[in-house]
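Notes follow once the structure below has been shown.
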Amino acid sequence: MKPVRAQDFAERVYDLVRNCPRGKVVSYGGVAALLGHPRAARAVGHALKMLDPDTDVPWWRVINSRGRVSIRGGHGPLLQRKLLEQEGVEFVRDRVDWKEYGWDGGLSG
DNA sequence: GAGATGACGGGCT
DNA sequence: AAGCCCGCCATCT
């Protein structure tokens, strides 16, 4: 058994987000729960925050439990919304419908 | 080691 | 519905 380092947590987040099918979205809490840490939603946000602009992780598919973009300030939220719309995700009242685009963690995509 | 921060979530007012 | 507070976890200073 290889010891689980804190840094690995971020890697697990990236690996899971990479599994998120195109055109779908998942919440921070959802990612955390799938990783075995249902209360580590904030930690997931940190992991994505540390990502580089050249990363291959679809961080934009991760939003908050309200179906809203959590990033504040700058072009961050605008970029995320644009990327999602490019994948077919529709925004209603600046929100995404979970029963329509919500990802349950399975390979349904 | 301790304190503060944040791309969160749920509950209460 | 909108705003405020507390709890949770990982990272940074």
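Convention: sequence-line order gives letters A, B, ...; per-chain numbering from 1. Remember, predicted model here, so these are calculated numbers, not experimental data.
One can place CG of L84(A) at 13 Å from C1' of dA7(B), the figure rounded to the nearest angstrom. Rounding to whole angstrom units, CD1 of residue I63(A) and P of dA7(B) are separated by 16 Å. Look at OH on Y14(A): it is 14 Å from P on dA7(B), rounded to the nearest Å. Between the CZ atom of R42(A) and the C1' atom of dG10(B) there is a distance of 13 Å, rounded to whole Å. In this structure, R93(A) atom CZ and dA2(C) atom P are separated by 7 Å, rounded to whole Å. Residue F9(A) contributes atom CZ, which lies 13 Å from atom C1' of dA7(B) at whole-angstrom precision.
Rounded to the nearest 0.5 angstrom, K24(A) NZ and L84(A) CG are separated by 13.0 Å. For the atom pair CD1 (I71(A)) and CG (N64(A)), the distance works out to 10.5 Å, reported to the nearest 0.5 Å.
Considering only side-chain atoms of L48(A), the nucleotide from dT11(C), dA7(B), dG7(C) that sits closest is dA7(B). In this structure, of dA10(C), dC8(C), dG9(B), it is dG9(B) that holds the atom nearest to the side chain of N64(A). Comparing atom distances between the A41(A) side chain and each of dG9(B), dA7(B), dA10(C) picks out dG9(B) as nearest. Here dG9(B) is the nucleotide among dG7(C), dG9(B), dT11(C) with the atom lying nearest to any side-chain atom of Y28(A). With dA7(B), dG10(B), dA10(C) as the candidates, the nucleotide lying closest to the side chain of S65(A) is dG10(B).
Both the sub-6.0 Å distance and the 45° axial angle are not jointly satisfied by R42(A) relative to the ring of Y28(A).
Nucleic acid contact class of A40(A) (heavy atoms, under 4.0 Å, all strands): sugar-phosphate only.
No donor-acceptor contact under 3.5 Å links the side chain of R39(A) to the base of dG10(B).
Place M50(A) and R66(A) on DNA chain C by their nearest nucleotides, and R66(A) ends up nearer the 5' end.
Residues Y14(A) and T55(A) have side chains not in contact (no heavy-atom distance under 4.5 Å, counting atoms from C-beta outward).
Under 3.5 Å, the side chains of W60(A) and E87(A) contain a donor-acceptor pair of N or O atoms.
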